[in-house]
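Only this structure's heavy atoms are used, side chains among them; waters, hydrogens and symmetry mates stay out.
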Amino acid sequence: MTSATIATSDIDLWSDETLANPYPVFAELREQASVVRLSTNGVWALTRYDPIRDALANWQAFSSNSVAFNDAMNGALVGTTMAADPPVHTGLRAALTENLSPRALRGLKSSIDEKADVLVANLVERGSFDAMDDLARALPLQVVIDLIGLQGDVRDKVLGWGEAAFNVLGPMNQRTAENFPIAGELFQWASTLQGSELTEGSMGRAIFDAADRGDIGASNAGQIIHQYVAAGMDTTIAAIGNAIAQFAAHPDQYEILRQDPSLIPSAFNEVLRYEALMLAEGRLVKEDTEVDGTLIPAGDQLAILFGAGNRDPRHYDDPDAFLVQRNPVDHLTFGYGIHSCAGQGLARLEAFAVLSALVRRVSKITVGEPVRKVNNTSQSLDHLPVLEFVAA
Amino acid sequence: MKIILDRPRCEGHGLCEEAAPRLMHLDDEGELILDIEDITENDLDSAKASVRVCPVAALRLE
């Protein structure tokens, strides 16, 4: 029997304390076992690199039908790309990624590079600012507004909607309950949106045109826009903020990058490995599955801890070191397999634009005490005061 | 060994091309072209790397 070997822990993944700094918890659980039963949360946590990657690839055993950790949200997500399994998932994913694939995004590169360059140039003039509000939030917000073709008051709502969309993926705690109405407002807006409300020539408008032509289902257009707003903001913001925070914390690494900007893709992979953008993602166990000697029974809930896998010393040497030359292309932060981040091409465009503007224009970054954003799912800084932003 | 592309799954992220530029490339339309499908000993490491880095698991070696 495997029951004698079950590792258990009463750690609460979604306590304020864990969310503020999950890495000590990840390390403790990962050293305990690759599968740990979390009695407080009622889930099985996957903590090590290989089992996580295998689980992400194995949609037959580990279904996305319970990608969130509360029933109400899993109910609301039925029929979406994020929560569907093949064969339904296949068509939804194709419609979602049609406009997000690197080939579809090629035309955006120069405008995103220019946006990032203008932002960074202005911040060099200012010298001190909040890296989150003035750069990490400013760029993705501009990009998403232009991409979808948002007009009017809705542009002031998307940041709050994005945050809420990640909060409601958690268990039904106070944060989830408080954010349900806000996430619901986004859902309502997207499901009643008309193509004519979006800027002519925008990608958002093109998606509605595709629905009018019958190329995608009539309800798909609003759903795709919903996913752009819900998934595309918080994560990109977090990644850009983390990059600036790590460059400031590791000036030697920033200098290596400045000396060789061809390392930008490698450095961004390291930023993503070093701090995952999501605390956990759920899976529904569809068939009894043994993982490293522990039987996970059908019907149970899995919590995939991306950040724990990304710091697994069984896979990465010296995993707690931030090294811009490491190039960990197989990090888990974008997930893996059929549900891997659909927006990763756009995320790379935005991050590469910021990083190349930084290395070109800024020789040294000094920051004050960062403030974390407490969210049930997205792992991000809320504020990062930049004290010195020295012109190159 | 042979490298096999699940074309409907491929989203053109291009990470495989960076891992194995001798074996595959994205064309001007961003479609993945396999230049060498039958993998010999010399190309095995880069073929494995290309399979490993595909974010959507669209490549496999058989």
Counting only heavy atoms closer than 4.5 Å, note whether B:Arg52 contacts chain A via side chain, backbone, both or neither. both
For A:Phe334, is it the side chain, the backbone, both, or neither that has a heavy atom closer than 4.5 Å to a heavy atom of chain B? neither
Can you measure from CG (B:Leu15) to CG (A:Asp330) and round to the nearest 0.5 angstrom? 11.0 Å
Just wondering, more than 12 heavy atoms not from B:Arg22 lying within 6.0 Å of its CZ? no
Smallest separation among heavy atoms of B:Ala57 and A:Tyr336, with atom names: CB-OH, 3.5 Å
Answer yes or no: does atom CG of A:Asp317 have more than 12 heavy-atom neighbours from other residues, nucleotides or ligands under 6.0 Å? no
Which residues, numbered in order, of residues 90-109 of chain A come under 4.5 angstrom of chain B by heavy-atom distance? A:Arg93, A:Thr97, A:Ser101, A:Pro102, A:Arg103, A:Arg106
Reported NE2-to-SG distance for the pair B:His13 and A:Cys341, which is rounded to 0.5 angstrom: 8.0 Å
Tabulate, in ascending numerical order, the residues of residues 342-356 of chain A having at least one heavy atom closer than 4.5 Å to a heavy atom of chain B, or enter 'none'. A:Gln344, A:Gly345, A:Arg348
Name the region of B:Glu29, side chain, backbone, both or neither, that has any atom closer than 4.5 Å to a heavy atom of chain A. backbone
